[in-house]
Amino acid sequence: MTPRVVVLAAPSGGGKTTIARELLRRRPGVFGYSVSATTRRPRAGERDGEAYHFLTRDEFARRVAAGEFLEWAEYAGESYGTLRSEVERVLASGRHVVLDIEVKGARQVRAAYPRPTSVSIFIIPPSPDVLLERLRLRRTESGRELQERLAIAVREVEAAAEDVKHAIVFDHIVVNDMLDAAVKRVIEIVDEPEAVQHRASDTWGLLADFARNLEQHAQQLGQPARGST
Ligand code: ADP
Ligand code: 5GP
């Protein structure tokens, strides 16, 4: 087995964290996780060194300057980055390294690890309605934060649609409807990225529709309810 860099990107609520967790639970000897660094505050239940390495802004900047990041990006006013040491640690153990990152970071990873060493998968829920429902049920963001994440999600899905047209970063799109099927699909893609049919380039229309519909939903959410003062 050749260890690969497996990039999972998705709009917020798309399911990349859940799918990454399942990959590691089902195949611990095959997949390892790159624990990212971030300046955002931990959510309830998130432990330092497990979910993320939680850093101060100064410490994050120091590590950027020291060249410790393979990639890093700003998301919703916070910094997030993949540490080279995390990726190298997992690859050296002979396992695929799973990166749960946003779209700008996915581009930087593709530049550092071309195909077939890296495989990049964009995950979307079956519809914007389902995405919103899952985000609501997750209850990790305030109304305002949710609005911001939805606006970013629209831009990320638009960027992914443009990207797959030109086959630059995302090699495959996985629709995360039933979790088990989505996880199996990701495993199938990582096992043999070239053999899996349904290339991402066929799916740009699906992504473009998704982005348009999600934008409408996001705008409706942002409008005050009729009759309210
Ligand atoms: P992301 O990391 O992309 O923001 P999460 O993995 O946190 O997304 O998923 C968002 C929410 O949706 C979580 O509460 C998660 O439990 C739920 N979820 C993820 N995948 C599925 C699925 N296939 N079916 C139902 N709920 C899901
Ligand atoms: P969250 O705050 O929901 O954990 O993550 C916000 C966004 O940052 C998600 O899209 C997540 O994938 C992304 N992210 C997490 N870690 C990294 C990282 O190391 N680099 C980049 N570029 N994005 C990351």
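Just so it is clear, the model here is predicted, and its values are computed rather than measured. Each ligand, and each atom within it, is numbered from 1 in the order the structure gives.
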- Salt bridge between Arg185 and Asp180, side-chain N to carboxylate O under 4.0 Å? no

- Is there any N or O on Glu102 that sits under 3.5 Å from an N or O of ligand 2? yes

- Message: Would you say Asp129 and His217 are linked by a side-chain donor-acceptor pair, where the criterion is simply a distance under 3.5 Å?
- Response: yes

- With a 4.0 Å heavy-atom cut-off (strictly under), which part of Tyr80 contacts ligand 2: side chain, backbone, both or neither? both

- Message: Below the 3.5 angstrom mark, is there an N/O of Gly15, backbone or side chain, next to an N/O of ligand 1?
- Response: yes

- Answer yes or no for Ala20: is there a heavy-atom contact with ligand 1 below 4.0 Å? no

- With a 4.0 Å heavy-atom cut-off (strictly under), which part of Arg40 contacts ligand 2: side chain, backbone, both or neither? side chain

- Message: Would Glu86 and Leu91 count as a side chain to side chain contact (heavy atoms under 4.5 Å, CB included) here? Give the steps.
- Response: CA-CA 9 Å; Glu86 285 286 320; Leu91 291 179; over 6 Å; no

- Message: Taking 4.0 Å as the limit for heavy-atom contacts, which would you say applies to Arg149 with ligand 2: side chain only, backbone only, both, or neither?
- Response: side chain

- Message: Among all the protein's non-hydrogen atoms, which is closest to atom 16 (N) of ligand 2, and how far away is it?
- Response: Ser36 OG, 3.1 Å

- Message: Check for me whether Gly81 has a heavy atom closer than 4.0 Å to any atom of ligand 2.
- Response: yes

- In plain terms, say whether Glu78 and Arg57 are close enough for a salt bridge, that is, a side-chain N and a carboxylate O under 4.0 Å apart. yes

- Should Glu71 be listed as contacting ligand 2, given a heavy-atom distance under 4.0 Å as the test? yes

- Message: For ligand 2 and Arg138, I'd like to know whether there is a polar contact (N/O to N/O, distance under 3.5 Å).
- Response: no

- Under a 4.0 Å heavy-atom limit, does Lys16 contact ligand 2 with its side chain, its backbone, both, or neither? side chain

- Query: So, Lys165 and Glu162, do they make that salt bridge, N to O below 4.0 Å?
  - Reply: yes

- Query: Going by the angle between their ring planes, with limits at 30° and 60°, are Phe31 and His96 parallel, tilted or perpendicular?
  - Reply: tilted

- salt_bridge(Arg63, Glu59) N-O dist < 4.0 Å: yes

- Query: How about Leu135 and Ser12: do any of their side-chain heavy atoms sit closer than 4.5 Å?
  - Reply: yes

- Using distance alone, decide if ligand 1 has a nitrogen or oxygen within less than 3.5 Å of any nitrogen or oxygen in Asp100. no

- Note on the structure: Checking heavy atoms under 4.0 Å, the part of Arg43 that sits near ligand 2 is side chain

- Message: Would Gly13 count as being in polar contact with ligand 1, using the rule that some N or O on each side must be under 3.5 angstrom apart?
- Response: yes

